[in-house]
There are 2 protein chains.
Amino acid sequence: MSSTPRKEQIIETAARLFSQRGYHATSMRDLARELDLKGASLYSHISGKEEILWLILERAARQFLDAIEPIAASDMPPLEKLRAAIRSHVRVVTGDLAAATVYFHEWKALQGERRAQFLEWRRRYEHLLQGIVEEGMAAGVLDPHADPKFATLLILSVVNWLYQWYRPEGPLSPDEIAERFTALILDGLGARVGEETADAAYQTA
Amino acid sequence: MSSTPRKEQIIETAARLFSQRGYHATSMRDLARELDLKGASLYSHISGKEEILWLILERAARQFLDAIEPIAASDMPPLEKLRAAIRSHVRVVTGDLAAATVYFHEWKALQGERRAQFLEWRRRYEHLLQGIVEEGMAAGVLDPHADPKFATLLILSVVNWLYQWYRPEGPLSPDEIAERFTALILDGLGARVGEETADAAYQTA
DNA sequence: CCTACCGATCGGTAGG
DNA sequence: CCTACCGATCGGTAGG
């Protein structure tokens with residue numbers, strides 16, 4: 001029925017298996033069986049097991065970066081940038097939950113150059129997000145006295161952990177989840193007109 | 001020098017290796033080499049590879065539960081309960097980062113009964129935390145209109161993701177990190193005296 | 001895409 | 001705690 005090229009089927013199926021059992025716990029024969037092939041037949045489409053992992057991780061990393069780069073470079077107001085960045089992150093995670101799970105769990109199985117490339121992409125992503133956070137602080141949308149590194153880590157905590165609990169059949173759509181995340185972050189890290197409220201919360205704590 | 005029993009050394013070293021490379025990527029011979037033993041010698045102290053993983057995960061799960069259970073059962077005010085729960089969670093994670101990493105990443109390698117037991121402990125922990133959140137809402141410390149399940153997930157996101165970025169040599173102590181988490185959560189999920197501020201933030205978003 | 005096969009390594013046991 | 005060894009399985013290749 002499907003005209004999806006074999007290589008695509010291999011990558012998709014591998015993403016599912018790697019996300020369920022982990023990269024090292026999935027054998028090439030497991031993967032082949034899922035595609036009604038013999039193990040050796042996989043090697044006419046891909047060069048080896050690590051290449052499959054790499055193709056999954058490379059795509060995921062590009063999706064994250066392709067989404068945030070135009071947002072970071074745009075002239076939207078800082079608040080809208082932050083909202084758009086959170087929404088696009090949530091869309092990437094929820095759009096391919098298996099790939100996102102592999103992205104967060106299995107990159108350590110990469111060796112040498114690929115591992116370095118992956119980590120560089122991840123660093124670039126986090127740096128772009130931190131830039132948006134800093135713009136928000138400079139514009140007074142986020143608390144200018146907060147630590148931008150810590151604030152970025154908190155945003156990443158919330159949007160990254162999503163892969164652990166998101167289920168497509170759940171009650172909230174991806175955009176609704178992103179909306180709630182944004183509201184929480186604006187509230188928790190936001191600058192207030194009356195600064196007393198924020199100060200009071202810190203002191204009560 | 002050290003009089004640590006061999007079994008303890010095995011568990012500690014395994015936690016380090018499993019956290020660095022993953023359970024399936026660490027062989028019994030890797031583990032033995034790290035302890036200046038031959039692979040076969042491990043089996044006079046433990047019954048098999050999965051038992052080592054189980055001992056790491058069981059301890060970690062018990063640490064989380066032993067910390068939150070007395071807090072949940074106490075008669076502290078709701079706000080103090082939440083603060084204490086977050087602080088104890090952060091202490092467990094930072095107190096043994098390797099074990100925490102294995103706790104979050106490698107439990108899927110457990111089979112059958114052990115896997116079920118682990119998941120039950122994790123559910124119990126999350127349920128106790130949600131109870132504390134609900135008490136806070138009932139008492140007006142947290143926004144009574146928020147969704148308690150979602151609020152609990154957000155707290156778990158922030159405190160769980162810590163294992164991904166915490167480094168003992170970093171600028172913040174575990175208790176300082178917990179303090180900042182609590183402040184953020186009280187701010188982001190907190191009830192305000194003037195409700196307009198929160199409503200305004202939701203509508204701007 | 002298959003059969004047939006490779007050397008390496010896996011978790012684990014026997015027997016001291 | 002060691003040497004010696006087990007069957008099973010691993011990723012991958014040869015050759016069609």
Side-chain angles (χ1 to χ4, degrees), chain A residues 1-58 102 105-115, chain B residues 1-58 102 105-115:
Chain A
M1 263 295 157
S2 167
S3 63
T4 316
R6 257 281 124 104
K7 191 167 177 176
E8 290 305 311
Q9 290 179 23
I10 292 172
I11 296 167
E12 262 176 55
T13 306
R16 205 184 75 235
L17 295 181
F18 292 173
S19 73
Q20 286 166 353
R21 316 175 189 175
Y23 174 76
H24 286 110
T26 306
S27 76
M28 293 299 273
R29 286 165 179 84
D30 291 338
L31 175 55
R33 196 182 312 116
E34 208 78 9
L35 293 158
D36 284 311
L37 293 175
K38 297 294 176 184
S41 305
L42 292 167
Y43 292 86
S44 26
H45 301 99
I46 45 88
S47 68
K49 193 183 180 187
E50 203 196 291
E51 196 205 8
I52 304 178
L53 177 63
W54 174 243
L55 291 169
I56 296 167
L57 293 178
E58 188 192 25
V102 176
H105 264 91
E106 307 298 335
W107 62 267
K108 282 185 181 176
L110 290 178
Q111 307 283 329
E113 183 54 40
R114 285 171 168 167
R115 187 176 171 134
Chain B
M1 263 293 154
S2 167
S3 62
T4 316
R6 258 281 124 103
K7 190 166 178 176
E8 291 306 310
Q9 291 180 22
I10 292 172
I11 296 167
E12 262 176 56
T13 307
R16 205 184 76 236
L17 294 182
F18 292 173
S19 74
Q20 285 165 353
R21 316 175 189 174
Y23 174 75
H24 290 292
T26 307
S27 75
M28 293 299 274
R29 286 166 179 84
D30 290 340
L31 175 55
R33 195 181 312 115
E34 208 78 8
L35 293 157
D36 284 310
L37 294 176
K38 297 296 175 182
S41 306
L42 292 168
Y43 291 86
S44 26
H45 300 99
I46 45 91
S47 68
K49 193 183 181 188
E50 203 196 290
E51 197 205 8
I52 304 178
L53 178 63
W54 174 244
L55 290 169
I56 297 167
L57 293 178
E58 189 192 24
V102 176
H105 263 91
E106 306 299 335
W107 63 267
K108 281 185 182 176
L110 291 177
Q111 307 282 329
E113 183 53 41
R114 284 170 168 168
R115 186 176 172 136

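Chain letters run A, B, ... following the sequence lines, proteins first and then strands; every chain starts at 1. In this text, all values refer to a predicted model and were calculated from it rather than measured experimentally.
For A:Ser41, there are no side chain to side chain donor-acceptor pair (under 3.5 Å) partners two or more places apart in sequence or in a different chain. Every side-chain contact (heavy atoms from CB on, under 4.5 Å) that A:Ala32 has, sequence neighbours left out, goes to A:Leu37, A:Leu42. The side chain to side chain donor-acceptor pair (under 3.5 Å) search around B:Arg115 returns none, not counting sequence neighbours. With sequence neighbours left out, the salt bridge (charged side-chain N to carboxylate O under 4.0 Å, His left out) criterion links B:Arg33 to B:Asp30. Partners of A:Arg29 by side chain to side chain donor-acceptor pair (under 3.5 Å), not counting sequence neighbours: none found. Checked against side chain to side chain donor-acceptor pair (under 3.5 Å), A:Glu8 has the following partners two or more places apart in sequence or in another chain: A:Arg59.
Taken to the nearest 0.5 Å, the OG1 atom of B:Thr4 stands 11.5 Å off from the CD1 atom of B:Ile11. Rounding to the nearest 0.5 Å places CD1 of A:Ile46 at 4.0 Å from CE of A:Met28.
Taking a pair as Watson-Crick or G-U with both hydrogen-bonding distances under 3.5 Å, the stems of three or more pairs touching DNA chain D are C:1-16 with D:1-16.
Annotation: proximity of residues 17-30 of chain B to DNA chain C (heavy atom, distance under 4.0 Å) is found for B:Thr26, B:Ser27, B:Met28, B:Arg29, numbered in ascending order. A heavy atom closer than 4.0 Å to some atom of DNA chain D occurs in A:Ala40, A:Tyr43, these being the qualifying members of residues 35-43 of chain A.
Shortest non-hydrogen contact noted between B:Ala14 and B:Ile52 is CB-CG2, 3.4 Å.
In summary, contact between chain B and DNA chain C, defined as any nucleotide atom under 4.0 Å from a heavy atom of the protein, begins and ends at C:dC10 to C:dT13 in the 5' to 3' direction.
Residue pairs meeting the salt bridge (charged side-chain N to carboxylate O under 4.0 Å, His left out) criterion with at least one partner in residues 38-57 of chain A, sequence neighbours excluded, are A:Glu50-A:Arg114. Residue pairs meeting the ring pair (Phe, Tyr, Trp, His ring centres under 6.0 Å) criterion with at least one partner in residues 22-47 of chain A, sequence neighbours excluded, are A:Phe18-A:Tyr23.
A distance-only check finds no donor-acceptor pair linking the side chain of B:Thr13 to the backbone of B:Ile10 [under 3.5 Å].
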